[in-house]
Amino acid sequence: MAVAQIEGVAEVTDATFAAEVLAADGPVLVEFTADWCPPCRMLAPVLAAVAREEADRIRIVQVDVDTNPETQARYGVLSMPTLVVFRDGEPVKTMVGARAKARLLRELADVLPAVPGA
């Protein structure tokens, strides 16, 4: 069973991870998720809102750990949801567990580019 698609959040796989995340221009927030994970479902509307509101500053994608074990193992992801921010092909921040939108935005503040005109 595949993870539920979140509006504004693309799904990446072991095969597409390098092109979609590591080679991306700008930061990418990767949610490592699973269909059987209740906290992952709780996080879905938060990620959808952040994806919509911060689309010009960060891209958000999800990786289903059940169908993409190579990427999960490569980054040592043991708990779901795990959120990893990648910039210039490298992980720069890791957060584990569901969180409210305000908390997620605070935690992302140091890895997001400045708001144009701010």
Side-chain angles (χ1 to χ4, degrees):
M1 188 182 290
V3 295
Q5 186 62 44
I6 302 170
E7 184 178 342
V9 177
E11 187 167 349
V12 296
T13 65
D14 286 344
T16 62
F17 191 84
E20 296 285 333
V21 177
L22 303 181
D25 292 330
V28 180
L29 173 63
V30 178
E31 179 201 20
F32 289 87
T33 187
D35 184 61
W36 46 262
C37 166
C40 299
R41 290 192 293 274
M42 291 170 39
L43 189 58
V46 171
L47 293 179
V50 173
R52 185 174 52 252
E53 295 167 17
E54 300 292 341
D56 56 334
R57 299 199 303 154
I58 192 165
R59 180 166 186 242
I60 302 178
V61 299
Q62 61 182 2
V63 173
D64 181 343
V65 298
D66 290 331
T67 56
N68 299 285
E70 292 174 24
T71 302
Q72 175 191 7
R74 184 177 308 121
Y75 295 101
V77 174
L78 300 175
S79 300
M80 275 23 94
T82 292
L83 304 170
V84 182
V85 179
F86 287 82
R87 191 170 47 210
D88 300 323
E90 296 294 326
V92 295
K93 186 172 198 101
T94 300
M95 301 158 280
V96 178
R99 58 229 322 110
K101 181 178 135 189
R103 177 179 170 198
L104 179 58
L105 289 172
R106 279 194 309 273
E107 292 172 328
L108 291 173
D110 63 332
V111 294
L112 290 176
V115 177

Flag the pair [X] / [Y] as yes when at least one side-chain heavy-atom distance between them is below 4.5 Å, and no otherwise.
{"X": "Lys93", "Y": "Leu29", "value": "no"}
{"X": "Val61", "Y": "Phe17", "value": "no"}
{"X": "Asp14", "Y": "Pro69", "value": "yes"}
{"X": "Ile6", "Y": "Glu31", "value": "yes"}
{"X": "Glu54", "Y": "Leu105", "value": "yes"}

Quiz prompt | Worked verdict on Leu78 versus Val96 for side-chain contact (heavy atoms from CB on, under 4.5 Å) | solution = CA-CA 9 Å; Leu78 300 175; Val96 178; over 6 Å; no
For the [atom1] atom of [X] and the [atom2] atom of [Y], what is their distance to the nearest 0.5 Å?
{"X": "Glu107", "Y": "Leu112", "atom1": "CD", "atom2": "CG", "value": "11.5 Å"}
{"X": "Met80", "Y": "Asp35", "atom1": "CE", "atom2": "CG", "value": "12.5 Å"}
{"X": "Leu83", "Y": "Thr94", "atom1": "CG", "atom2": "OG1", "value": "9.0 Å"}
{"X": "Thr33", "Y": "Glu11", "atom1": "OG1", "atom2": "CD", "value": "9.0 Å"}
{"X": "Lys101", "Y": "Leu47", "atom1": "NZ", "atom2": "CG", "value": "11.5 Å"}

Exercise. Hey, can you tell me if Tyr75 and Phe86 have their rings parallel, tilted or perpendicular (30° and 60° cut-offs)?
Key: perpendicular
Quiz item: Could Glu20 and Arg59 be called an ion pair, given the rule that one side-chain N must be under 4.0 Å from one carboxylate O?
Solution: yes
For atom [atom1] of [X], is the number of surrounding heavy atoms from other residues, nucleotides or ligands below 6.0 Å larger than 12?
{"X": "Asp25", "atom1": "CG", "value": "no"}
{"X": "Glu53", "atom1": "CD", "value": "yes"}
{"X": "Gln5", "atom1": "CD", "value": "yes"}

Quiz item: Can you tell me if Ser79 and Thr82 form a side-chain donor-acceptor pair at under 3.5 Å?
Solution: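 No, because no side-chain N or O of Ser79 sits under 3.5 Å from a partner of the opposite role on Thr82.
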Do the side chains of [X] and [Y] join up, straight or via other hydrophobic residues, at under 4.5 Å, putting them in one cluster?
{"X": "Val85", "Y": "Val50", "result": "yes"}
{"X": "Leu104", "Y": "Val30", "result": "no"}
{"X": "Phe32", "Y": "Val12", "result": "yes"}

Quiz item: Taking Arg99 for the side chain and Leu43 for the main chain, is one N or O donor matched with an acceptor at less than 3.5 Å?
Solution: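 No, the answer is negative, given that no donor and acceptor are paired below the 3.5 Å cut-off.
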Quiz item: Does the Arg87 side chain pair with the main chain of Val111, one donor and one acceptor, at a distance under 3.5 Å?
Solution: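 Flag set: sc Arg87 to bb Val111 pair under 3.5 Å.
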Practice problem: Decide side-chain contact (heavy atoms from CB on, under 4.5 Å) for Gln72 and Val63; before the verdict, give the C-alpha distance in whole Å, the side-chain angles of both, and the deciding distance to 0.1 Å. | Solution: CA-CA 8 Å; Gln72 175 191 7; Val63 173; over 6 Å; no
Quiz prompt | Minimum heavy-atom distance Thr16-Thr13, with the two atoms named | solution =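 Heavy atoms of Thr16 and Thr13 come nearest at OG1-N, 2.9 Å.
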